[in-house]
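All ligand and atom numbering here is 1-based and tracks the order in the structure.
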Amino acid sequence: MNVLTTRLTEKFGLKYPVFSAPMAFASGGKLAAAVTNAGGLGLIGGAYGDQQWIENEFQAAGNIGVGCGVITWAMKDKPEVVDQILDHKPKALFLSFGDPKDFIEKAHKKDVPVICQVQTFKDAKHAIHCGAEVIVAQGAEAGGHGESRSTFTLVPEVADYICGNAPETLLCAAGGIADGRGLAAALMLGADGVLIGSRFWASEEAIVHSKMLDAALVASGDETIRSSVMDIARRLNWPERYTARVLKNGFTHQWHHDLDGLLENQDEQADLWRAAWQEGNTDVANTFVGEAAGLINSIEPAAKILTSIADEAERLLGRK
Ligand SMILES: Cc1cc2nc3c(=O)[nH]c(=O)nc-3n(C[C@H](O)[C@H](O)[C@H](O)COP(=O)(O)O)c2cc1C
C-alpha cells in the first residue's frame, strides 16, 4: 500500500491525504476543483456567508466534487447559508471558529460529512463528541484566523485522545504545512492528512491580488504577525480569542499596540483599509498568509503544488 494511503484517502476516495483550506475570498470554485481534480479535496471558502458568491463559486467548480467551509460564528444569524451549501451536496461541510453542534446535526440529516477545524484540545474534544467525522487541529503558524497553540503539540495531543476515545474520528493537521516535509511530519504526528491554506493561496487558481502574492513571495515567516487590527478595520465582530496571521505592514505597525486608538478612528481607517484592499496596496491592507510564506517561492498551478508536496512526502517516508 502507498504511504500516502490513509484513513482519510479511503473515507473521501482521494489519491492524496490533502485538503485545500476554505479561505475567505481566496478559495473559489476554480481552486477547489483543481485540488479535487489533482487527487486531494478542495474546499470553497464560504466564510461569512455571501450567498451570491457561494452560488457563483459552486458553479465555477462545475461537476467536480468539492467541499465548502464557513466561519461558524458568522452563521448564527444566517443559518440559511448552511442550508444553501448543503443543497449543493458538497463532499463535506467545513466548520471553524464557533460551536459546531447545531450545524453538524443539520449536515448529518443531509448525509454530508463534517470537518471541524479547532484551535484547542478542549474544542477538539467537543467537536469529536458532537460527531464531526474529521477534526482539523490548527496551529498558530496558520495563515488567517486562529489561536495560539502550535501545530507540533496540538496534533499529537488530539491524536492520542482520538486513539483512546473515538477511534473512528479522522484527524488532519493544519498550520505551517507547505511542502512534503510538512505532510510527512503531520503523518508522523498521528494525523491522517493535512489541510493546507497558504501554499494553495499562492496558486494560479486562487483569487488573490497579484501585489499581495508579490509581497508574500519575498517575505519570510518572521514578517507575519497575529493581530486583530484588520478585523477592526473591516468591522467584523470576531470573538476576542481569535486573531489572524497576516504580513506585518504600516497598518499593523501603527495600530497593533493601539487597538483603542484604532477604534476611535474606525470610520476613517476602515475606508482607507477597504480602498487599499481593492488596489492591492499592501502597506495598508493586510496580506493574509501564514508563517509558511517563508516556504513559498513561486506561484504555480494547484495541481503542480499538490503533486510536488505528495511526491516529496512519499520520498521522505521511504517508499519512492
Ligand atoms: C488567506 C487565508 C484565508 C483564510 N480564511 C479562512 C476561512 O475563511 N475559514 C477558515 O476556516 N479558515 C480560514 N483560513 C485558515 C485555514 O483554514 C487554515 O487553517 C490555514 O490556512 C492553515 O495554515 P497554513 O496557512 O499555514 O496552511 C484562512 C487562511 C488563509 C491563508
Between [X] (side chain only) and [Y] (backbone N and O only), is there a donor and an acceptor less than 3.5 Å apart?
X: S27; Y: I44; answer: no
X: Q266; Y: I232; answer: yes
X: D192; Y: L171; answer: yes
X: R7; Y: T169; answer: yes

For ligand 1, is there an atom lying under 4.0 Å from some heavy atom of [X]?
X: F97; value: yes
X: F200; value: no
X: A26; value: no

Ligand 1 N/O within reach of [X] N/O, cut-off under 3.5 Å:
X: A174; result: no
X: Q138; result: yes
X: R199; result: no
X: A24; result: yes
X: H145; result: no

Exercise for the section: Taking the six-membered ring for Trp and the single ring otherwise, decide whether the centroids of F25 and F288 are under 6.0 Å apart. Expected result: no
Heavy-atom distances under 4.0 Å decide this one: backbone, side chain, both or neither, for [X] against ligand 1?
X: F94; answer: side chain
X: F288; answer: both
X: V70; answer: neither
X: E291; answer: neither

Are [X] and [Y] close enough that some pair of their side-chain heavy atoms sits under 4.5 Å apart?
X: Y48; Y: M75; value: no
X: C172; Y: I135; value: no
X: V118; Y: Q138; value: no
X: I296; Y: S198; value: yes

Exercise for the section: Keeping to residues at least two apart or across chains, list the ring pair (Phe, Tyr, Trp, His ring centres under 6.0 Å) pairs with something in residues 55-86. Expected result: F58-H88, W73-W238
Practice task
Sorted by first residue and then second, give each ring pair (Phe, Tyr, Trp, His ring centres under 6.0 Å) pair with at least one member in residues 105-127; sequence neighbours left out.
Solution key: F121-Y161
If you have a sec, work out which protein heavy atom is nearest [atom] and how many Å separate them, to one decimal?
atom: atom 25 (O) of ligand 1; value: S198 OG, 2.6 Å
atom: atom 14 (N) of ligand 1; value: G143 O, 4.0 Å
atom: atom 26 (O) of ligand 1; value: G176 N, 2.7 Å
atom: atom 16 (C) of ligand 1; value: A21 CB, 3.6 Å
atom: atom 9 (N) of ligand 1; value: P22 O, 3.2 Å
atom: atom 27 (O) of ligand 1; value: G197 N, 2.8 Å

Those atoms of ligand 1 less than 4.0 Å from some heavy atom in [X]:
X: W201; result: 1 (C)
X: S96; result: 11 (O)
X: G175; result: 22 (C), 23 (O), 26 (O)
X: L195; result: 17 (O), 18 (C), 19 (O)

Problem - Electrostatic pair K211-D214, nearest N-O below 4.0 angstrom - result: no
Handout entry: Charged N-O contact under 4.0 Å between K304 and E204
Key = no
Completion exercise
Min over M23, Q117, Q119 of heavy-atom distance to atom 28 (C) of ligand 1 lands on M23
Practice task
Is it possible for you to say whether M23 and I54 belong to one hydrophobic cluster, with membership spreading through side-chain heavy-atom contacts below 4.5 Å?
Solution key: no
